Every structure is written in C-alpha cells, then in structure tokens.
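Here the structure is laid out as structure tokens; the discussion comes afterwards.
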Protein chains: 2
Amino acid sequence: MSRNRPREEQANGQGDGVPGNGATAVRTAANGTAAAPASGARPTILDLAALCGVSPATVSNALADKPNVKAETRDLVRRKAREIGYHASSAARGLRMGRSWSIGLVVGDIANPFVPDVVRGVEDVVWRERKNLILCNTDFQAEKKTAYVRSLLDKQIDGMIVLSQILDAHDMERVAAAGIPLVTVNRRAPDFSTDYVGIDNQSGVRMAVDYLVSLGHRRIAFVKGLFRSSSADDRFAAFQAAVQAHGLDGDPSLAVQGDYSMESGDSAARSLMALSQRPTAILAANDLMALGALGALHDLGIRVPADVSVVGFDNIQLAEHPLLNLTTINHPKRETGDAAARLLLQRIAGDRTEPPRSVVLKPSLIVRGTTAPPQAVPKPRRRRPAAARGTAEGG
Amino acid sequence: MSRNRPREEQANGQGDGVPGNGATAVRTAANGTAAAPASGARPTILDLAALCGVSPATVSNALADKPNVKAETRDLVRRKAREIGYHASSAARGLRMGRSWSIGLVVGDIANPFVPDVVRGVEDVVWRERKNLILCNTDFQAEKKTAYVRSLLDKQIDGMIVLSQILDAHDMERVAAAGIPLVTVNRRAPDFSTDYVGIDNQSGVRMAVDYLVSLGHRRIAFVKGLFRSSSADDRFAAFQAAVQAHGLDGDPSLAVQGDYSMESGDSAARSLMALSQRPTAILAANDLMALGALGALHDLGIRVPADVSVVGFDNIQLAEHPLLNLTTINHPKRETGDAAARLLLQRIAGDRTEPPRSVVLKPSLIVRGTTAPPQAVPKPRRRRPAAARGTAEGG
DNA sequence: TTGTACGCGTTATCAC
DNA sequence: GTGATAACGCGTACAA
C-alpha cells in the first residue's frame with residue numbers, strides 16, 4: 001500500500017480513495033507549470049492536452065493514429081500519455097461511439113466440464129482484439145436469461161455468443177433490433193437467422209453406433225439428453241436413424257431419458273440393467289452421463305467392457321483418465337469457441353446484412369477402454385505390465 | 001427475424017441495423033403526437049421525457065425512486081418506459097456516476113476444474129445485485145494479467161476478484177490508486193493490503209497426514225504444486241510440519257515437484273515408485289495431480305489402496321466418481337466464490353478505508369476409496385454386491 | 001419539478 | 001497538411 005507513491009496515507013486519510021470525489025476542481029484548473037492531474041484522480045484527455053499544449057481533439061487523433069497529425073506531435077502525445085498513465089475512459093468513448101469493446105457470453109452452467117473449454121476458445125480469440133468477455137450464467141432459467149440479455153444490451157455490447165441454449169423470441173428480437181451480432185453455439189436459432197457453430201451430431205452418433213455394430217453389438221441403448229441444452233434431439237434422432245439403418249433392435253425401452261448429469265447417467269444405467277433383456281452396449285448423449293453409467297455398472301458389479309460397452313459424447317478432459325478411459329466421440333470444444341468468436345468478430349467488423357453463416361465441426365471417434373465385442377473374452381482396458389490387476393478391468 | 005416488428009426487412013435493407021446510424025435526427029426532433037423513437041434506434045431519456053410530458057430529470061428521478069416526484073408521475077413514467085422499452089444506457093450513466101455495475105474476475109485458467117465452481121459462487125452473489133462479471137483468463141502470463149487489469153480499470157469496474165494469483169506491484173498500485181476494491185482469493189497480497197478469502201491449508205494438509213498416520217503410514221510422499229498458483233508453499237510447509245510433528249520419515253526424495261496438472265501427478269508418481277524405498281502413501285497438493293498419480297499407479301500395476309494410498313486436495317467434482325473415488329480434502333469452492341463476492345460487494349457499498357478483512361474457510365477430510373492401511377489386506381474401494389470385480393480394485 | 005452543467009472522449013466542420 | 005472549435009452521445013445531480 002505504500003510503495004513509491006508519495007503521501008499515500010494522507011490521501012487515503014482524506015477519503016481520496018473514492019473515485020471522482022472532490023478532486024475535480026483541482027484537476028480541471030490546470031496549474032501553471034505541468035497541468036499534471038491531481039494525485040489520485042485519473043487523468044482525462046484535457047489533462048493530457050494541456051500537458052502537451054494541444055487540443056483534446058489532437059490528442060484523440062494522435063492516439064488513434066489519424067493522418068491529420070504531425071509525427072512529431074503524435075510522438076509527444078504518446079510519450080506524455082505514457083508518462084502520466086493516461087487511458088481513455090471506456091464509458092466516455094463507449095457513449096460516444098456506441099460500443100463497449102466487450103462481448104457477452106451466455107452459458108447455461110459454467111461448472112459443466114464441457115463449458116470452460118469452449119469459453120477458453122472464445123477468450124483466446126476475443127483477447128486478441130482486446131475485447132472483454134462478460135460471462136452470463138443463466139442456470140437455464142428463462143428470467144435470468146432475459147435479464148442478462150437486457151443488461152448486455154444496456155451495456156452496448158459489441159456482440160453476443162449463446163452457448164447450448166436458445167433465446168426466447170422476445171430476447172431474440174431485442175438483440176436483432178439493437179443490431180447486435182449474435183452467434184449461437186450448439187443450438188440453432190429456430191428461424192436460422194443467426195450465425196451458428198455446432199458439431200455434426202448426426203455423424204458423431206453414427207460413428208459411435210457404427211463402431212459398436214462393427215464390434216458385434218445389436219442391442220444398443222441410448223441415454224438421451226435434456227431438450228433445453230445442446231442438440232439432444234439431434235443426437236437421439238441420429239441414434240434412431242442409425243438403429244434403423246443397421247436393422248438393430250429397436251426396442252423402445254432401450255431409450256431412456258437423462259438430463260446430461262452424471263446422476264441421470266447413473267440411474268439410466270440402473271434402469272437399463274433392470275430390463276429383462278439387457279442391452280450389450282450403452283451410448284450416452286454426453287460424457288457425464290456415460291461416466292455416471294460407468295459408476296453405476298461398477299457398483300452393480302457389471303464388468304465394462306466385458307459385459308457391457310459404454311460410449312460417451314464430448315470427450316471431456318477427464319474421460320481420458322486411465323481409470324475411466326471412456327470411449328467417446330470427440331467434440332472439438334476449444335475449436336468451437338474459437339470458431340464462434342471468429343464468426344462474431346467478423347460480423348462485428350464487417351457487413352451485418354450478409355446472410356447468416358454456419359460452421360459445423362467434425363466429431364471423431366476416440367476408442368478407449370470401455371468398448372469391446374459383446375460377451376467376448378474381455379481384454380485389458382489399457383496397456384500395462386502383466387500380472388497386476390485382476391479381472392475387474394476386464395483382464 | 002420477422003415477428004411482430006413491421007418493415008423489418010426494409011429497415012435492414014437500408015443498413016439500419018447498425019446502431020447510432022443516421023436515425024439521430026429523426027429521433028431527437030420530437031414529432032407532434034407521440035415522440036416515440038424512430039424504429040430501430042433505442043429510445044433515450046429524452047424520448048421518454050417528451051412522451052410523458054416531463055423533463056428528463058423527472059424521468060431519471062422517477063425511475064430511480066427518488067422521493068421528489070409525485071406518485072402519479074412516477075407511475076406514468078414507469079408505464080411508458082415499459083411500453084417503449086426504455087432502458088438507460090450504461091455508458092451514459094457509467095460516465096456520469098463513475099461506475100459500471102460490473103466486476104472483474106481474474107482467473108489463471110478457467111479450464112481447471114477447480115475454477116468454474118468458484119466462478120459459480122461469485123456469479124451467484126454478483127447476480128443478485130445485477131452486476132456483470134467480466135471474465136479475465138490470464139493463462140498466468142504477466143503481460144496478459146497487466147493488460148486485463150488496465151482494461152478493467154478503463155472500464156471503471158466496481159470491484160475486482162483475483163483468483164489464485166497475485167498481481168504485480170505496479171498493477172496492485174494502479175488498482176489501489178483507482179480506488180477499486182479488490183479481493184484476493186487463495187493467495188494473499190504480499191502486503192496484506194486487500195480483503196482475502198482462502199482456506200486453512202495448514203489444517204487441511206494436517207488432516208490428511210493425520211489420517212494417513214492413523215492408518216499406520218510412516219513414509220508419506222508429497223507432490224508439490226507450482227508456486228505461481230494457489231498456496232502451494234503453504235501446503236508444502238504444512239506437510240513438512242506435520243511430518244515433523246509425527247516424527248515421520250523425512251526423506252527429502254519423498255517431496256517431488258508438480259505443477260498442479262494431471263500429467264505432473266502422473267510423472268511424480270512414477271518417479272516416486274522408482275525409488276528404492278517406496279512411500280506407502282502419496283499426498284498431492286491438488287486433486288488433478290492425485291488423479292494423475294492414480295492413473296500412473298494403475299498403469300504400473302500398483303494397487304490402490306492396497307499397495308499405495310493416495311490423497312488429493314480440493315475435492316473436484318469428478319473425484320467422487322466411483323471409479324476414481326479419491327480420498328481428498330474438501331475445498332469449499334462455491335463458498336469461496338460466495339465469500340469473495342460478498343466481501344467485495346460490502347466493500348463497494350461501504351467504507352473503503354476500513355482495514356482489510358479475511359475469510360478463512362475450513363477444509364474437511366473426505367474419506368473415499370484410495371486410502372487404506374499400508375500392506376493391509378486390501379478392502380473394496382466401495383460398497384457393491386459381492387462376487388463382481390476381481391482383486392484389481394482391492395477386493 | 002425543471003433547467004442545466006457535467007462526466008469524457010470523438011468526429012465533423014472550420015481556420016490557418 | 002495541421003490543428004482548433006464545438007457539437008454530440010445520454011443520463012445524473014444540483015441549483016433554481
């Protein structure tokens with residue numbers, strides 16, 4: 001608190017720590033020699049202008065690299081600005097320019113392991129343009145969603161990314177009316193009116209089913225996700241289509257409803273294992289549910305993959321842990337965030353009337369240790385020196 | 001795109017989607033009857049004032065519930081505001097009031113499973129006051145950190161939370177000079193000048209060691225975290241103290257350096273198992289490293305907890321998965337975020353000269369399946385019907 | 001209740 | 001070509 005800034009304690013003792021408090025008069029009245037700002041209050045463009053002996057307009061132009069300012073003057077302004085630590089107030093320039101250099105990122109639940117990776121991708125791109133990210137966690141509640149959108153619009157955000165959700169019609173309309181570019185991720189706007197980034201759920205699910213079929217599975221269960229998030233229906237539809245295409249067992253009791261949580265995967269697996277005729281494989285609409293299923297099967301003493309194969313979707317970070325070692329469909333998460341941010345920035349910079357674009361990323365199959373031919377002699381779920389573990393892992 | 005807003009396509013066709021573009025003249029010139037804003041441009045306080053037949057000052061007062069406005073007028077203003085969808089521009093009121101109703105949240109890596117839970121706690125509290133969260137992901141890079149702080153200050157944020165990092169002296173000073181309240185989480189400011197939320201690492205580590213000792217372990221290894229994040233040194237110091245107190249084997253080769261990543265836990269375990277005299281238990285400074293160790297031990301064919309016990313720290317969500325089932329020290333993550341946000345909001349609202357406060361949360365021991373007496377007949381890592389899994393899990 | 005100064009940059013217009 | 005002047009963006013707070 002008392003590094004090389006003089007009279008710190010005194011200033012604080014007078015309540016000068018509070019911004020915009022009383023120091024105004026001192027500052028605006030440029031005192032003889034230097035016109036340096038009164039300590040504690042942040043310098044304004046007027047301070048800097050006075051200090052450089054030019055007009056505020058010139059300062060603005062100089063800092064913005066406008067052509068109508070002599071190189072000499074520009075450098076002077078630059079130097080002095082650095083000296084006194086001048087930075088333009090975002091509020092002021094935001095008010096004037098109608099922008100805020102920040103973009104709104106609306107997510108359902110940041111604590112879902114899928115989300116932070118996407119956020120990371122977004123942040124990375126946005127950061128390059130020195131824009132800020134306003135994180136809005138909606139908990140999938142309609143009112144919270146609406147309130148956040150309101151707030152973002154009031155802040156004049158430059159753009160908005162909505163992850164695994166849809167805005168209701170009213171919110172959508174407000175965003176459009178404000179002319180704010182919007183990119184939706186994982187769920188398309190009902191009217192296809194916005195830029196979109198997603199994954200080819202169809203082929204992802206298809207890859208999983210094809211793989212299971214190639215192993216010899218004919219009776220494959222599916223754990224559905226919740227409609228509200230991501231493209232749960234896409235994935236289920238793709239599953240049904242794949243079942244059709246392969247002429248697999250279409251028993252409707254093999255499709256159970258989950259909600260993308262680990263718990264729901266747990267109970268889904270339990271109910272599937274309670275069926276008189278069990279499936280030989282379980283495909284879950286996301287990794288969390290697949291992991292939940294894995295846990296339930298473990299508790300039930302059912303061997304994976306010897307007795308039942310399990311496949312997830314998303315490839316979250318921990319799926320590759322040797323003890324989980326989940327076969328899954330990779331969802332390029334960071335690339336998703338990256339693509340969304342790119343689309344958004346392009347839209348912000350460019351022509352906003354061009355028709356909406358889509359980026360559909362390719363999923364890929366990650367074969368790990370939770371899949372094997374049905375009823376087969378179980379093989380070890382991972383390379384390892386012999387003689388260690390028992391049959392539990394399928395040895 | 002074409003719900004009940006008339007002439008949408010035409011408006012867009014004329015490039016009217018771009019904010020603050022040309023519509024100004026139309027709007028400010030209040031036309032006879034209603035003075036409703038030109039479609040497309042957002043209404044200002046002047047529009048609303050004209051519409052209500054009062055001054056903008058009265059509108060402002062009415063919406064702010066100031067006492068100096070007749071109830072009748074207030075209701076009229078409120079109603080009309082809702083009708084035309086008036087919301088004050090944050091930039092304008094921010095400029096005037098020197099605030100932004102947003103708080104900066106500086107994290108090292110949002111993709112670290114520890115972080116989103118804390119963020120969730122912060123968001124929850126901040127949301128109640130309808131403030132926004134600006135997420136700054138620094139990747140632990142000094143320049144990025146500094147640039148973000150700069151940007152946050154330019155935005156006149158109301159307050160700032162820094163998670164598991166320290167700002168360098170210059171940044172610290174800037175924040176202090178701007179009078180922006182700051183709460184540090186998991187790492188104290190070197191000069192103890194800010195509000196702080198953390199966990200009692202001392203007693204957390206102590207609980208873990210005590211527990212291992214109570215099981216009969218005498219040779220306990222420790223996987224250190226990286227200095228840059230969290231209180232790695234606290235935890236290591238606590239470990240050393242506990243080793244002393246219990247008179248355990250103080251062999252320095254039992255302390256290996258990690259970096260909080262799963263990979264580092266993996267290699268730490270491998271190097272520990274390569275020792276001529278192996279430890280009987282491994283305590284890691286966070287769960288990720290503990291899980292890495294678990295994976296390595298699995299690959300090496302070393303049984304957990306039969307041959308080696310493993311304890312983590314943090315209790316991340318997936319630690320309780322039945323297949324991981326990690327014994328660990330719980331770090332109340334959401335409560336941490338909650339407490340940090342509360343401290344911050346109090347500081348924002350209240351007296352900023354009061355001395356800094358600290359909140360130190362209590363860790364707790366979560367006994368799961370990765371711990372057992374050394375060399376003991378292994379017990380199952382979790383309840384389950386008999387006869388299922390082999391000895392792998394320690395049956 | 002209202003008029004108006006103010007917060008702080010940016011940009012269009014104008015002068016040299 | 002350089003640079004100054006002034007209007008402007010939009011609320012808020014204080015004096016009237």
Side-chain angles (χ1 to χ4, degrees), chain A residues 18-25 27-29 37 41-50 52-77 81 86-101 153-156, chain B residues 18-30 37 41-50 52-74 76-77 81 84 86-101 153-156:
Chain A
V18 181
N21 203 17
T24 308
R27 188 183 65 253
T28 45
R42 59 186 286 169
T44 75
I45 200 172
L46 294 176
D47 297 315
L48 184 53
C52 298
V54 298
S55 77
T58 299
V59 170
S60 178
N61 288 329
L63 294 176
D65 246 336
K66 291 281 174 62
N68 58 337
V69 49
K70 201 170 22 172
E72 199 179 334
T73 326
R74 176 167 48 73
D75 294 343
L76 171 70
V77 170
Y86 170 77
H87 279 254
S89 146
S90 306
R93 58 205 319 255
L95 175 58
R96 184 60 232 239
M97 302 173 76
R99 289 186 294 154
S100 64
W101 300 274
L153 294 182
D154 294 348
K155 282 218 161 68
Q156 310 250 60
Chain B
V18 181
N21 203 17
T24 308
V26 180
R27 187 183 66 255
T28 45
R42 60 186 283 169
T44 76
I45 200 170
L46 293 176
D47 297 314
L48 183 52
C52 298
V54 298
S55 77
T58 300
V59 170
S60 178
N61 290 328
L63 294 177
D65 245 336
K66 292 280 175 61
N68 56 340
V69 49
K70 206 170 16 169
E72 200 179 333
T73 331
R74 177 167 49 74
L76 172 68
V77 171
I84 65 172
Y86 169 77
H87 279 254
S89 146
S90 305
R93 58 206 318 256
L95 176 57
R96 184 63 233 241
M97 301 174 78
R99 288 187 293 154
S100 63
W101 300 272
L153 294 182
D154 294 348
K155 282 218 160 69
Q156 310 250 62

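In what follows, chains are A, B, ... by sequence order, proteins preceding strands, each numbered from 1. What you see is a predicted model, and the numbers here were worked out from it, not measured in a lab. The figures here come from the full heavy-atom set of this structure, side chains too, leaving out hydrogens, waters and symmetry mates.
- For the atom pair OG (A/Ser89) and CG (A/Leu95), the distance works out to 9.0 Å, reported to the nearest 0.5 Å.
- B/Thr58 places none of its side-chain heavy atoms less than 4.5 Å from the side chain of B/Lys70.
- Straight-line distance from the CG atom of A/Leu76 to the P atom of D/dT2: 15 Å, rounded to whole Å.
- The 5' end of DNA chain C is approached more closely, in terms of each residue's nearest nucleotide, by B/Lys70 than by the other of B/Lys70 and A/Val59.
- Close to C/dG9, at under 4.0 Å from its OP1 or OP2, lies no side-chain N or O of A/Ser89.
- Within 4.0 Å (heavy atoms only), A/Ala88 reaches sugar-phosphate atoms of the nucleic acid but no base atom.
- Counting only heavy atoms from C-beta on, B/Thr44 has its side chain closest to D/dG11 among D/dG11, C/dT1, C/dG9.
- Here the C1' atom of nucleotide C/dT2 and the NZ atom of B/Lys66 are 14 Å apart, to the nearest Å.
- In terms of phosphate contacts, A/Ser60 brings a side-chain nitrogen or oxygen within less than 4.0 Å of OP1 or OP2 of C/dT10.
- Each of B/Val69 and A/Tyr86 lies near DNA chain C, and the nucleotide nearest B/Val69 is the one positioned closer to the 5' end.
- We find that CZ of A/Arg42 is positioned 7 Å from P of C/dG9, with the value rounded to whole Å.
- Going from atom CG of A/Asn61 over to atom P of C/dT10 covers 9 Å, rounded to whole Å.
- To the nearest angstrom, P of C/dC8 lies 16 Å from NE2 of A/His87.
- A residue-by-residue look at A/Pro67 and A/Pro56 shows that A/Pro67 has its nearest nucleotide of DNA chain D further toward the 5' end.
- Among the nucleotides D/dT5, D/dT12, D/dG3, the one closest to the side chain of B/Met97 is D/dT12.
- Rounded to a whole Å, the CG atom of A/Leu63 is 10 Å from the P atom of C/dG9.
- At a threshold of 4.0 angstrom between heavy atoms, the contacts of B/Val54 are confined to the sugar-phosphate backbone, with no base atom among them.
- Proximity of a side-chain donor or acceptor of A/Ser100 to a complementary backbone N or O of A/Gln156 within less than 3.5 Å is detected.
- Checking the phosphate oxygens (OP1, OP2) of D/dT2, no side-chain nitrogen or oxygen of A/Thr73 falls inside 4.0 Å.
- Distances shown here put a side-chain N or O of B/Ser55 below 4.0 Å from the OP1 or OP2 atom of C/dT2.
- Using a 4.5 Å heavy-atom cutoff, the side chains of B/Ile45 and B/Ser60 are in contact.
- In this structure, the CG atom of A/Leu95 is 17 Å from the P atom of D/dA7, given to the nearest Å.
- Taking every heavy atom of both residues into account, B/Arg42 and B/Asp47 meet most closely at O-OD2, 4.3 Å.
- Rounding to whole angstrom units, CZ of residue A/Arg96 and P of C/dC6 are separated by 19 Å.
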